[in-house]
Amino acid sequence: MGDFEGWTKWLVPGFLLWKPEDPGYERPAYRDWTEEEDEPKYSPKEELALLDKQILASDGFDIDYTHFRCVFNYHLAYLDSDEFAEEPTETTRDLLERLSRKALDDHNLEYGTEFEFVKVVKANFHWCCAYMFLITFEVVDPYDNLIKLFQTRVRYETDIVTEYVFCRPKPNQGVECIGVKNNDGVGNDVQNNVKKQKIPCMYGWFLTVIGFLFTDWSMSFYMPQA
């Protein structure tokens with residue numbers, strides 16, 4: 001039996017892991033509140049709704065964690081930490097850079113482009129029988145030598161699986177990504193080719209329904225009973 005395709009074809013909805021009052025809770029490092037504050041800005045249910053809204057809007061790439069007191073299944077990757085380092089002198093940034101470079105190389109090969117990798121900007125991750133990394137990184141577009149944003153989704157676990165789900169220019173960033181030098185109109189041909197990419201619909205109607213059902217279930221599971 002092959003791997004379950006849902007791990008890569010679906011966009012996993014958010015779900016609650018810990019609330020501040022739960023045993024074993026650790027305050028997220030990305031929070032923007034202090035222990036002295038009396039009232040949270042959002043309830044756990046409101047935080048979860050806000051998380052799901054951002055997942056849906058960005059395919060999980062753009063999430064503002066700063067208002068969350070609760071801990072969810074989506075996490076921010078700390079680039080300069082050693083959380084995902086594979087060598088003593090490495091950082092998480094080094095791993096994400098390798099994954100991004102390979103994803104971009106595959107993209108260039110498929111579409112005949114020549115985007116050049118610059119650096120990893122940020123990344124989110126969640127667990128799905130491996131780590132699913134959602135990485136945003138910068139490239140140089142040889143068409144106009146401007147820095148532009150790309151995104152790649154990679155399912156990864158050391159020595160077990162490396163699955164490049166997709167690599168694409170970040171949608172709605174306000175600039176076009178061409179990928180070749182502006183010579184003799186070649187850029188127009190490649191631009192048309194790039195526009196033919198099939199950007200996967202990661203949050204279909206089926207998973208949306210499942211997500212809402214799961215949200216209600218998870219909240220009832222974690223909420224103390226009266």
Side-chain angles (χ1 to χ4, degrees), residues 2-14 28-30 51 54-55 57-65 72-142 146-173 175 177-180 194 197-203:
D3 290 340
F4 175 53
E5 290 188 354
W7 294 128
T8 57
K9 301 301 182 184
W10 294 352
L11 181 63
V12 175
Y30 41 72
L51 173 64
Q54 294 179 82
I55 294 172
S58 69
D59 285 342
F61 286 93
D62 297 322
I63 299 174
D64 180 5
Y65 296 90
F72 301 99
N73 56 321
Y74 278 76
H75 307 278
L76 179 67
Y78 293 99
L79 301 182
D80 295 323
S81 75
D82 61 358
E83 182 175 8
F84 295 105
E86 297 185 338
E87 298 293 339
T89 59
E90 285 191 339
T91 64
T92 295
R93 185 190 304 274
D94 294 313
L95 170 62
L96 299 181
E97 179 176 315
R98 285 198 297 273
L99 297 177
S100 299
R101 286 181 180 275
K102 179 60 168 63
L104 183 61
D105 286 345
D106 291 347
H107 176 92
N108 282 335
L109 181 62
E110 180 176 359
Y111 293 101
T113 50
E114 299 176 346
F115 292 105
E116 296 180 14
F117 178 85
V118 177
K119 66 178 181 179
V120 171
V121 176
K122 63 180 179 179
N124 299 319
F125 67 92
H126 62 81
W127 179 254
C128 59
C129 287
Y131 289 103
M132 184 66 80
F133 290 108
L134 300 109
I135 311 169
T136 301
F137 60 97
E138 291 181 347
V139 304
V140 171
D141 188 340
L146 296 179
I147 290 179
K148 299 172 184 179
L149 294 176
F150 259 62
Q151 298 173 332
T152 186
R153 178 180 168 115
V154 185
R155 181 169 168 255
Y156 179 82
E157 181 60 49
T158 305
D159 297 327
I160 297 177
V161 62
T162 304
E163 184 174 4
Y164 295 90
V165 182
F166 65 77
C167 180
R168 69 186 186 189
K170 180 177 179 178
N172 305 316
Q173 61 180 298
V175 294
C177 297
I178 308 301
V180 297
V194 171
Q197 293 183 70
K198 297 295 185 181
I199 302 300
C201 180
M202 306 303 296
Y203 215 111

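The structure displayed is predicted, hence computed values, not measured ones.
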Considering all heavy atoms, the nearest Asp64-Gln54 contact: N-OE1, 2.7 Å
Distance, nearest 0.5 Å, that separates CD1 of Ile135 from CZ of Phe150: 13.5 Å
Does this structure show an ion pair linking Asp106 with Lys102, if we count only N-O contacts that are shorter than 4.0 Å? yes
Locate the shortest heavy-atom distance separating Ala77 from Leu96; write the atom from each residue and the value. CB-CD1, 4.3 Å
If the plane angle is over 60° it's perpendicular, under 30° parallel, otherwise tilted; pick one for Tyr111 and His107. tilted
Checking Asn108 side chain against Gly179 main chain: does a donor-acceptor pair fall under 3.5 Å? no
As a test of understanding, state which of Ile147, Ile178, Leu146 forms a side-chain contact (heavy atoms from CB on, under 4.5 Å) with Asp141. Ile178
Applying ring-ring contact (aromatic ring centres under 6.0 Å, His included), name anything that partners Phe61, two or more places apart in sequence or on another chain. none
Donor-acceptor pair, Glu90 side chain versus Leu95 backbone, under 3.5 Å? no
Side chain to side chain donor-acceptor pair (under 3.5 Å) evaluation trace for Thr91 with Asp82: CA-CA 5 Å; Thr91 64; Asp82 61 358; over 6 Å; no
Is it true that Asp62 and Lys170 make a salt bridge, defined as a side-chain N closer than 4.0 Å to a carboxylate O? yes
Of the non-hydrogen atoms in Val12 and Ile55, which two are nearest, and what is the gap between them? O-CG2, 4.0 Å
Under the 3.5 angstrom rule, does the side chain of Arg155 hit a backbone N or O of Ala130 as a donor-acceptor pair? no
Work out which heavy atom in Glu83 is nearest to a heavy atom in Thr92; give both atom names and the distance. N-OG1, 3.6 Å
Is the backbone of Phe166 close enough, under 3.5 Å, to the side chain of Thr152 for a donor and an acceptor to pair up by distance? yes
Does any non-hydrogen side-chain atom of Ser100 lie less than 4.5 Å from one of Phe133? no
Would you confirm whether the ring centroid of Phe84 sits within less than 6.0 angstrom of the ring centroid of Tyr156? no
At their closest point, which heavy atom of Glu138 faces which heavy atom of Val121, and how far apart are they? CG-CG2, 3.5 Å
Check the orientation of Tyr74 and His126. Use parallel for under 30°, tilted for 30 to 60°, and perpendicular for over 60°. tilted
Closest heavy-atom contact between Cys177 and Lys148? SG-CD, 3.8 Å
Evaluate the criterion side-chain contact (heavy atoms from CB on, under 4.5 Å) for residue pair Glu157 and Trp127; output intermediate values, then yes/no. CA-CA 10 Å; Glu157 181 60 49; Trp127 179 254; 3.6 Å; yes
